[in-house]
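Working notes, structure below.
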Protein chains: 2
Amino acid sequence: MAETPRPGSPGTLVPRPPVGRAEPAKIAIDEIDRLLIRELVADGRATLSNLAEKASLSVSAVQSRVRRLEARGVIRGYTATVDPEALGQMLSAFVAITPLDPSQPDDAPARLQHMPSIESCHSVAGEESYVLMVRVGSPRHLEQVLHEIRATANVNTRSTIILQTFYDK
Amino acid sequence: MAETPRPGSPGTLVPRPPVGRAEPAKIAIDEIDRLLIRELVADGRATLSNLAEKASLSVSAVQSRVRRLEARGVIRGYTATVDPEALGQMLSAFVAITPLDPSQPDDAPARLQHMPSIESCHSVAGEESYVLMVRVGSPRHLEQVLHEIRATANVNTRSTIILQTFYDK
DNA sequence: AATGAAACGTACATGAG
DNA sequence: CTCATGTACGTTTCATT
């Protein structure tokens, strides 16, 4: 195959076409779908009739779209949003962890999954290997959880205490 | 007031009573409430009858409890859980930011709130001042968002790319 | 606080155009 | 996708314990 003329030769700092939005979209998700999703994120208990009104569509049409979005996994499910502090989880933190022994199989996420104080677990490209979001009742409780994390997954931890959450859409 | 006898004198490493759960609990949330919350987190569209069955309670009893939890703000609301990748947000990152000019009023969270790529914003006790969770379509898009964050809030940024999310309860 | 029943409203499913 | 129909069900209210 012939090489396409380089749109910016190596070493130049000339950027390529305008950014726009990356649109990999395996299958089509149109504007109506996006509207329905927005509404359902705003109110997970919205009825089909609610949605139909917002979308200026019939209930049936909305129904099939929502079912399709659910089937495709675009909509994963529905959940109640709970105030952690109301449940006594007064302290939240990001906990970045690094395996101590790189020669051993790294199954930290699996080992930690059962711990109820761990809300999420991401593997990351950065100084550490994983970042956890942890919610506990008190500093004492955090200490205990950190000990358990270290012992369970054989990792170092670096914690960043959350002082205030401004928004979490 | 007389000083209470020190339960562990300064300098000792003797811990105090067992950890248990910190229970600040302004008002009572009993086990049934917790069950209802758990069920509603698992399925935000669960009906009162569903919940009544799980709790072995009457529909009316469940109704008043759920309404109370909502009114108190324990249950903040209901939302659909959406797969970010299905919506073309293929890249997520933690972005830690630090104000460049400490003498200026720090209103970074307010300034950034309008940006749709920013999913959450926490102020933290750590090396940086805030940690954002950002979702974008591509590395190019991330670059653009980072520029906008820096320009809008007059901050430095340090990004940690999320490679994979194992769980996010 | 919880129960049970009664009444109401409507959300949802289905099939035709 | 719209429209129309019928059933089922979720919710609300209230009297009672």
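The analysis underlying the following values was restricted to heavy atoms, covering all of them including side chains, and did not include hydrogens, waters or symmetry mates. A, B, ... follow the sequence lines: proteins, then strands. Residue 1 opens every chain. From a predicted model like this one, the values you see are computed outputs, not experimental measurements.
- One interatomic measurement links the two molecules: CZ of B:Arg65 to C1' of D:dT11, which rounds to 19 Å at whole-angstrom precision.
- To the nearest angstrom, C1' of D:dC9 lies 14 Å from CZ of B:Arg45.
- A single hydrophobic cluster is not seen to contain both B:Val124 and B:Tyr130; linkage of ILVMFWY side chains at heavy-atom distances under 4.5 Å, directly or through other members, places them apart.
- A:Thr47 and A:Asn50 are linked by a side-chain donor-acceptor pair at a separation below 3.5 angstrom, with hydrogens and angles left out of the test.
- Applying the 6.0 Å contact sphere to CD of A:Glu53 captures no more than 12 heavy atoms from other residues, nucleotides or ligands.
- The same ILVMFWY cluster, assembled from side-chain heavy atoms under 4.5 Å apart, contains both B:Tyr78 and B:Leu51.
- Here B:Arg65 pairs with B:Asp30 in a salt bridge; the nearest charged N to carboxylate O distance falls below 4.0 Å.
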At under 4.0 Å between heavy atoms, how does the protein contact nucleotides 12-17 of chain D? Give one character per nucleotide, 5' to 3', with B, S or -. BB----
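- Once you apply a 4.0 Å limit to the heavy atoms of chain B, the touched nucleotides of DNA chain C run 5' to 3' over C:dA1 to C:dC12.
- Using a cut-off of 4.0 Å between Lys/Arg side-chain N and Asp/Glu carboxylate O, B:Glu119 and B:Arg135 are scored as salt-bridged.
- The pair B:Asp33-B:Arg68 meets the salt-bridge criterion, since a charged nitrogen lies less than 4.0 angstrom from a carboxylate oxygen.
- Using modelled atom types, one finds no donor on one side chain facing an acceptor on the other under 3.5 Å when comparing A:Arg111 with A:Thr152.
- If you check every strand for non-hydrogen atoms under 4.0 Å, A:Thr47 touches sugar and phosphate atoms only.
- Listed for the B:Lys169 side chain is a donor-acceptor partner under 3.5 Å among the backbone atoms of A:Ile118.
- Side chain of A:Tyr167 to main chain of B:His122: no donor-acceptor pair is present (N/O by atom type, distance under 3.5 Å, no hydrogens or angles).
- Rounded to 10 degrees, the angle between the two end axes of the helix from C:dA1-D:dT17 to C:dG17-D:dC1 is 30°, with five pairs used at each end.
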